[in-house]
Asks: 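Sharing a structure below in structure tokens format, with a few things to ask.
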Amino acid sequence: TNGNVRAHVHFDILRGVPEHFTLTGGQISEGGQLKAGLKPEHCYVLDRGFQSYDLLGEIIQANSDFVVRLRKSAVCTVLEARPLTAADLHAGVGSDTRVRIGWREDQSPALPMLRRIEVRVEGKDEPLVLLTSCLDLPAELIALIYQHRWQIELFFRWLKCMAHLEHFFSESPEGMTLQLYVTLIATLLIAIETGARPSVYDFSLMSFAMSGQAPLEEVLLVAAKRRAERERAARRRREK
């Protein structure tokens, strides 16, 4: 009725594919939808828009973890400073501390001791500040996990631009849901066809095939060649 909708998508950053989605009105809370769909043994990688103490507490109670970008206004009491390894320093980690979040003791009862990690970002004056419930992982891996959140942004860019989701063919919830299902199924088929995690390059190539600008067989050959080149380059970097 307000002329806008919102897709709440659970995206697997390791496999590069969507796992689940719900379609709601544009005014529905993103945090509330995530809370309703929490699963155990997951690590949720979240932007600072999801920094809600209640939501973070629900994630922990669901037997899962989170890595979330911390807002500047968040109040943390430092309980312990953790030493940094050479790998942490190489990854740009500036500090790793155990903290208690919030300024009132009754403000976040579901949140136990957490970790606050500062990561230097090239070209930025201020560090990236992360909050996580993962107490046993090295700080360098926490920084790497959040870097992978960019895969979510790339996926949504493809979803909106390449799949033309800026325009819905139907104004009914059922019709819009069907269009989104078809689009996400196409994404999964790309992953199955390529046999690897789809990249932005794969999505762009498949868009040429879907629009009739290039034959599918040619597109698959180009995608396989590009993927082999990336794998050889990665292997050379590891050997070096």
Side-chain angles (χ1 to χ4, degrees), residues 6-23 30-31 33-52 55-56 58-60 62-70 87-88 91-93 114-115 117-119 121-122 124 128-163 165 180-181 183-207 223 226-227 230-231 233-234 237-238:
R6 174 173 282 164
H8 308 266
V9 182
H10 290 235
F11 186 77
D12 186 333
I13 60 176
L14 294 181
R15 295 187 299 154
V17 295
E19 280 194 341
H20 172 73
F21 83 91
T22 54
L23 200 66
E30 293 177 303
Q33 283 296 307
L34 174 58
K35 187 185 298 185
L38 289 175
K39 298 180 180 179
E41 300 182 356
H42 279 57
C43 181
Y44 291 93
V45 188
L46 310 168
D47 200 5
R48 53 190 166 191
F50 287 88
Q51 186 200 304
S52 160
L55 173 60
L56 299 182
E58 291 281 349
I59 292 176
I60 293 176
N63 195 29
S64 285
D65 287 299
F66 61 82
V67 176
V68 61
R69 187 176 179 182
L70 200 59
D88 294 337
V93 177
L114 302 173
R115 289 171 72 186
I117 298 174
E118 292 189 4
V119 184
V121 180
E122 186 176 355
K124 301 290 185 179
L128 181 69
V129 182
L130 304 176
L131 184 72
T132 179
S133 59
C134 301
L135 302 180
D136 56 342
L137 291 181
E140 58 159 329
L141 289 185
I142 301 299
L144 181 62
I145 287 173
Y146 194 79
Q147 285 181 23
H148 278 291
R149 204 193 71 83
W150 184 243
Q151 296 294 325
I152 303 172
E153 304 297 339
L154 294 176
F155 170 74
F156 273 108
R157 186 179 72 179
W158 177 85
L159 194 65
K160 289 185 286 188
C161 298
M162 300 298 183
L165 277 184
L180 193 55
Y181 264 122
T183 304
L184 296 184
I185 288 171
T187 304
L188 297 174
L189 289 175
I190 292 174
I192 293 172
E193 184 65 42
T194 59
R197 184 180 68 183
S199 66
V200 177
Y201 190 75
D202 292 326
F203 286 141
S204 299
L205 286 176
M206 288 295 178
S207 298
R226 177 66 180 271
R227 192 159 47 252
R230 290 199 305 264
E231 291 174 356
R237 287 195 300 269
R238 289 194 298 269

Asks: Is there side-chain contact between Leu128 and Arg69, with heavy atoms separated by less than 4.5 Å?
Replies: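 Counting from C-beta outward, Leu128 and Arg69 do come under 4.5 Å.
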Asks: I'd like to check Tyr181 versus Leu23 (side-chain heavy atoms, cut-off strictly below 4.5 Å). Are they in contact?
Replies: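 Not touching, per the 4.5 Å side-chain cut-off.
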Asks: Ignoring hydrogens and angles, tell me if any N or O in the side chain of Asp12 forms a donor-acceptor pair with the backbone of Pro18 under 3.5 Å.
Replies: no
Asks: What residues, two or more places apart in sequence or in another chain, satisfy salt bridge (charged side-chain N to carboxylate O under 4.0 Å, His left out) together with Glu118?
Replies: Arg116
Asks: When you check the gap from the basic side-chain N to the acidic O, do Arg227 and Glu231 get nearer than 4.0 Å?
Replies: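 Not counted as a salt bridge, because no side-chain N and carboxylate O are separated by less than 4.0 Å.
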Asks: Main chain of Leu137, side chain of Arg115: is a donor-acceptor contact present, judged purely on distance under 3.5 Å?
Replies: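 It does hold such a pair.
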Asks: How many angstroms lie between CG in Leu38 and CG in Asn63, if you round to the nearest 0.5 Å?
Replies: 11.5 Å
Asks: Roughly how far, to the nearest 0.5 Å, is the CZ atom of Phe11 from the CG atom of Leu184?
Replies: 10.0 Å
Asks: So how far is it from Glu153 CD to Arg149 CZ, rounded to the nearest 0.5 Å?
Replies: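 If I round to the nearest 0.5 Å, the distance is 4.5 Å.
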Asks: Please name all residues satisfying ring-ring contact (aromatic ring centres under 6.0 Å, His included) with Tyr146, sequence neighbours left out, ordered by chain then number.
Replies: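 Per chain and number, Tyr146 pairs via ring-ring contact (aromatic ring centres under 6.0 Å, His included) with no residue.
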Asks: Could you measure the distance from the CD1 atom of Ile152 to the CG atom of Asp47? Nearest 0.5 Å is fine.
Replies: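 That separation rounds to 9.0 Å.
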Asks: Is Phe155 close to Ile13 at the side-chain level, that is, under 4.5 Å between some pair of heavy atoms?
Replies: no
Asks: Quick one: list whatever passes side-chain hydrogen bond (donor to acceptor under 3.5 Å, both in side chains) with Ser64, sequence neighbours left out.
Replies: none
Asks: Give the minimum heavy-atom separation between Lys39 and Glu19, together with the two atoms involved.
Replies: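 Looks like NZ-OE1, 4.4 Å.
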